[in-house]
S.K.: 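I have a structure I would like to understand better, so I am pasting it below and will then ask my questions one at a time.
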Amino acid sequence: MIPLDEASAAVMEHCRSGSRVLLGLAGEPGAGKSTAAARLLLDADQAGVTAAVVPMDGFHLAHSVLESRAMTDVKGAPETFDAHGFVTLVERIHAQRPGDPTIWAPEFRREIEDAVAGAIEVPADTQLVIVEGNYVLLDEEPWARLALLFDVAWMLTPSAERRLARLMARHESYGNDPADARRRALGPDQTNAERVRAHSQRPGVTMVDPG
């Protein structure tokens, strides 16, 4: 396991080689993926590297769809995403070459609990594309196709205590009281965490301490 700053420095050096770097950033719920992605963007800016983040969360099924299927209680599980759509988007990004059209990705907006199409721009000359989400290294189809596309793959590995604290703080920031925040963190989030832990692909993956 290596520290985030060391892993980031290695990625920036890779980007300076001239070819695009497609980085898969995985981890259990609360592992710090969004924070790590933001750190990478900052490091890229300081290194003069163009970068974009494409989160898996933009492919959440619409909340109305989950309601119609009685799936709101498991929102965030792999089956509550358009996994095939997400994989297809990452395949397009992988195939994108200089001079190709810009690719647009959706973004999940917490304030409306739904995704917004065409919110994230990935120009063809972007040097670093960070594909971030719980399941980007999952060994289940169709997610398993993603690992073949990444030049670099990270699994964030915070301590269980730190991850739980992050999850509870996140749920409280959404307006939940501490008891409900803990129930959510130890309920659906824990179920998803165990699935990530048991079914994420490991060969060639760098284990990163997010700090």
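On a predicted model such as this, the values are computed, not experimentally measured, just so you know. We use all heavy atoms of the structure for the numbers below, so side chains are in, but hydrogens, waters and symmetry mates are not.
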S.K.: Any side-chain heavy-atom pair from Leu25 and Met155 closer than 4.5 angstrom?
M.R.: no
S.K.: Please examine the side chains of Phe108 and Glu113, heavy atoms only from C-beta on, and report whether any two atoms are closer than 4.5 Å.
M.R.: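 Yes, at least one pair of side-chain atoms sits under 4.5 Å.
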S.K.: Measuring from atom CD of Glu28 to atom CG of Asn192, what distance do you get when rounded to the nearest 0.5 angstrom?
M.R.: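 So the gap between those two atoms works out to 10.0 Å.
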S.K.: Would you mind reporting whether Leu138 and Pro78 have side-chain heavy atoms less than 4.5 Å apart?
M.R.: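 In short, these two side chains touch, coming nearer than 4.5 Å.
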S.K.: Does one hydrophobic cluster hold both Val53 and Met12, with members joined at side-chain heavy-atom distances below 4.5 Å?
M.R.: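 Same hydrophobic cluster.
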S.K.: Show, in sequence, the C-alpha distance, side-chain angles and deciding distance for Trp154 and Leu137, and conclude whether the side-chain contact (heavy atoms from CB on, under 4.5 Å) test is met.
M.R.: CA-CA 9 Å; Trp154 291 1; Leu137 294 177; over 6 Å; no
S.K.: Are Arg183 and Asp180 close enough for a salt bridge, meaning some N to O gap below 4.0 Å?
M.R.: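 Answer for the salt bridge query: yes.
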S.K.: Kindly determine whether Glu91 and Leu149 satisfy side-chain contact (heavy atoms from CB on, under 4.5 Å), including the steps that lead there.
M.R.: CA-CA 7 Å; Glu91 288 173 337; Leu149 306 175; 3.7 Å; yes
S.K.: Identify the residue among Thr50, Leu23, Val122, Val21 that makes a side-chain contact (heavy atoms from CB on, under 4.5 Å) with Val129.
M.R.: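 Of all the options given, the one that passes is Val122.
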S.K.: Which pairs with one or both residues in residues 202-211 pass side-chain hydrogen bond (donor to acceptor under 3.5 Å, both in side chains), sequence neighbours excluded?
M.R.: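 Found Arg162-Asp209.
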S.K.: Can you name the nearest heavy-atom pair linking Glu132 to Ser34, along with the distance?
M.R.: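 Of all heavy-atom pairs spanning Glu132 and Ser34, the closest is OE1-OG, 4.0 Å.
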S.K.: For the CG atom of Asp189 and the CG atom of Leu167, what is their distance to the nearest 0.5 Å?
M.R.: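 Rounded to the nearest 0.5 Å, the CG-CG separation comes out at 5.0 Å.
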S.K.: With distance as the sole criterion, is a donor-acceptor pair present between the side chains of Arg184 and Gln190 under 3.5 Å?
M.R.: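 No, because no side-chain N or O of Arg184 sits under 3.5 Å from a partner of the opposite role on Gln190.
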S.K.: When you look at Glu107 and Arg109, which way does the salt bridge (Lys or Arg N to Asp or Glu O under 4.0 Å) test go after all the steps?
M.R.: CA-CA 6 Å; Glu107 179 181 59; Arg109 299 280 174 85; 2.7 Å; yes
S.K.: side-chain contact (heavy atoms from CB on, under 4.5 Å) between Val54 and Val90: does it pass, once the steps are laid out?
M.R.: CA-CA 9 Å; Val54 177; Val90 179; 5.5 Å; no
S.K.: Nearest 0.5 Å please: distance from the CD atom of Glu141 over to the NE2 atom of His84.
M.R.: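 Rounded to the nearest 0.5 Å, the CD-NE2 separation comes to 8.0 Å.
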S.K.: Any side-chain heavy atom of Tyr135 within less than 4.5 Å of one from Leu146?
M.R.: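 Of all side-chain heavy-atom pairs linking Leu146 with Tyr135, none is under 4.5 Å.
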S.K.: In plain terms, say whether Arg195 and Glu140 are close enough for a salt bridge, that is, a side-chain N and a carboxylate O under 4.0 Å apart.
M.R.: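 Yes.
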S.K.: Between Ala147 and Gln201, what is the shortest heavy-atom contact and its length?
M.R.: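 Closest pair (atom of Ala147, atom of Gln201, distance): CB-NE2, 3.6 Å.
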S.K.: Within the 4.5 Å heavy-atom criterion, are Thr126 and Arg20 side-chain neighbours or not?
M.R.: yes
S.K.: Between the side chains of Glu13 and Arg16, is the shortest nitrogen-to-carboxylate-oxygen separation below 4.0 Å, so that they form an ion pair?
M.R.: yes
S.K.: Could you tell me how the ring of Phe86 sits relative to the ring of Trp143: parallel (under 30°), tilted (30 to 60°) or perpendicular (over 60°)?
M.R.: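 Aromatic pair Phe86/Trp143 classed tilted.
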S.K.: So which heavy atom on Thr80 is nearest to which on Val74, and how close?
M.R.: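 Answer, listing the atom of Thr80 first, then Val74: CG2-O, 3.5 Å.
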S.K.: Between Ala51 and Leu41, which heavy-atom pair has the shortest distance, and what is it?
M.R.: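 Closest heavy-atom pair between Ala51 and Leu41: CB-CD2, 3.7 Å.
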S.K.: Same cluster or not: are Leu156 and Leu22 linked, directly or through other Ile, Leu, Val, Met, Phe, Trp or Tyr residues, by side-chain heavy atoms under 4.5 angstrom apart?
M.R.: no
S.K.: In Å, rounded to the nearest 0.5 Å, how long is the span from CG of Leu89 to CD1 of Ile120?
M.R.: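 CD1 of Ile120 is found 9.0 Å from CG of Leu89.
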S.K.: Taking Ser8 for its side chain and Asp5 for its backbone only, find out whether a donor-acceptor pair lies under 3.5 Å.
M.R.: no
S.K.: What distance do Asp125 atom CG and Gln96 atom CD have between them, rounded to the nearest 0.5 Å?
M.R.: 8.5 Å
S.K.: Do Asn134 and Pro29 have side chains that approach each other closer than 4.5 Å (heavy atoms only, starting at C-beta)?
M.R.: yes
S.K.: For Arg166 versus Gly30, what's the shortest heavy-atom pair and its separation?
M.R.: CD-O, 3.3 Å
S.K.: So how far is it from Thr157 OG1 to Arg197 CZ, rounded to the nearest 0.5 Å?
M.R.: 11.5 Å
S.K.: Checking Arg182 side chain against Met168 main chain: does a donor-acceptor pair fall under 3.5 Å?
M.R.: no
S.K.: Between Asp177 and Glu172, is there a side-chain heavy-atom distance shorter than 4.5 Å?
M.R.: no
S.K.: Taking C-beta and beyond as the side chain, do Phe150 and Val131 meet within less than 4.5 Å on heavy atoms?
M.R.: yes
S.K.: Minimum heavy-atom separation for Gly133 to Met56, with atom names?
M.R.: CA-CB, 3.9 Å
S.K.: Side-chain donor-acceptor pair under 3.5 Å between His60 and Asp82, yes or no?
M.R.: no
S.K.: If you group Ile, Leu, Val, Met, Phe, Trp and Tyr by side-chain heavy-atom gaps below 4.5 Å, do Val208 and Val136 land in one group?
M.R.: no
